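Remember, it's 1-based here, ligands and their atoms both numbered in the order they're listed. Here the structure is a predicted model, which means the values were calculated and not measured. Scope of the values below: all heavy atoms of this structure, side chains included, with no hydrogens, waters or symmetry mates. All residue numbers in this chain count up from 1 along the given sequence.
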Amino acid sequence: MSRFGVFQALVPPLCVVCRSNCDRAMSLCPRCMGELNRAPAIRRSPPPGVTGVVSCAPHEGVARALLVRFKFGRLTGLAPLIAGYMADQIVSGAPDLLMVPVPPAPGRRLWRGFDPAGELAAEIVRGNPGWRLAGDLLVRSDPGSQRGRGRATRLAAPPSIEPSGVFTAVRAVTLVDDVLTTGATLAACAAALARAGSGPVSAVTFTRRL
Ligand SMILES: [Zn+2]
């Protein structure tokens with residue numbers, strides 16, 4: 001065991017949200033895990049062009065804190081935990097479902113060092129044989145991020161998203177994103193997929209701002 005390994009073994013693991021002690025195999029303490037498990041999934045008001053949308057929890061409390069640690073704390077090791085909750089919410093009769101992450105704004109991936117939606121989509125697919133990942137199917141060309149824009153501005157100026165290819169057969173698609181705010185980005189993605197000849201487009205996000 002390396003010196004770092006010995007150090008790790010001596011220090012009790014801490015909950016990534018509240019920093020209290022937790023089981024070594026878990027990232028959350030029992031209290032935070034309980035709160036996350038009790039959070040109500042939200043399945044209403046899909047954006048235009050999206051047949052159904054589900055979010056695992058409102059964008060608050062433990063769910064929001066977990067997402068912040070993942071995205072801005074760059075704790076990529078949380079991806080399997082978050083993606084597991086998302087996969088549990090996907091209801092589909094399509095055995096060959098195609099997972100398409102919402103593309104990050106240009107430059108954002110470089111700035112942040114990784115692509116949260118892409119990581120989550122890859123994890124969802126990893127845990128569900130038969131589902132496929134299409135990580136580069138959508139290309140985003142708007143210069144800015146939606147983050148920090150007002151709701152009215154976001155709705156008036158949706159991101160510019162285009163398909164990078166066309167579907168040769170009708171495929172059901174599930175869009176994957178970390179958080180749903182206005183739905184303008186999901187609607188833009190769904191429109192791009194429709195132009196490329198996709199089948200029905202649904203969406204899953206970890207949280208939803210209410
Ligand atoms: Zn905790």
Side-chain angles (χ1 to χ4, degrees), residues 1-45 52-91 99 101-102 104-105 108-109 111-128 131 133 135 145-149 151 174-183 185-186 202-210:
M1 186 181 284
S2 70
R3 281 164 61 187
F4 183 61
V6 170
F7 179 72
Q8 277 190 313
L10 293 173
V11 177
L14 300 178
C15 172
V16 296
V17 169
C18 74
R19 311 299 295 168
S20 63
N21 291 353
C22 70
D23 188 277
R24 190 164 297 283
M26 311 294 283
S27 299
L28 295 175
C29 70
R31 190 190 65 78
C32 289
M33 185 66 84
E35 182 185 322
L36 186 58
N37 289 339
R38 285 191 302 274
I42 307 159
R43 296 178 182 272
R44 56 179 157 79
S45 313
V53 63
V54 60
S55 307
C56 300
H59 192 69
E60 61 190 28
V62 168
R64 177 180 173 279
L66 191 59
L67 210 47
V68 167
R69 300 287 187 278
F70 172 61
K71 290 174 68 176
F72 302 104
R74 304 178 197 219
L75 294 181
T76 55
L78 294 176
L81 174 68
I82 296 170
Y85 278 90
M86 295 170 76
D88 285 347
Q89 295 296 339
I90 297 171
V91 179
M99 293 289 151
V102 168
R108 181 149 279 260
R109 190 192 304 226
W111 171 77
R112 189 177 277 147
F114 81 112
D115 168 17
E119 293 276 335
L120 293 175
E123 281 299 330
I124 290 171
V125 168
R126 197 165 290 143
N128 292 275
W131 293 355
L133 177 68
S145 157
Q146 293 283 77
R147 186 177 159 80
R149 289 193 195 175
R151 183 182 178 87
T174 295
L175 286 165
V176 178
D177 208 356
D178 45 22
V179 54
L180 170 55
T181 303
T182 64
T185 303
L186 288 178
S202 58
V204 60
T205 73
F206 184 57
T207 64
R208 180 167 185 166
R209 291 182 205 269
L210 298 176

## Note on the structure
All heavy atoms of Cys32 vs all of Val62, minimum pair found to be O-CG1, 3.7 Å
## Note on the structure
Note on the Zn ion (ligand 1): protein N/O/S atoms within less than 2.8 Å are Cys15 SG, Cys18 SG, Cys29 SG, Cys32 SG
#### Entry: Smallest separation among heavy atoms of Asp178 and Leu67, with atom names
O-CD2, 3.6 Å
### Query
For Ala57, what residues pass the side-chain contact (heavy atoms from CB on, under 4.5 Å) criterion, not counting sequence neighbours?
Ala39, Ala63
### Query
What is the minimum heavy-atom distance between Gly77 and Pro80, and which atoms define it?
O-CD, 3.3 Å
#### Entry: Backbone N/O of Phe114 and side chain of Arg74: donor-acceptor pair under 3.5 Å
no
### Query
Is the side chain of Arg69 donor-acceptor paired with the backbone N or O of Val16 at a distance under 3.5 Å, no angle test?
yes
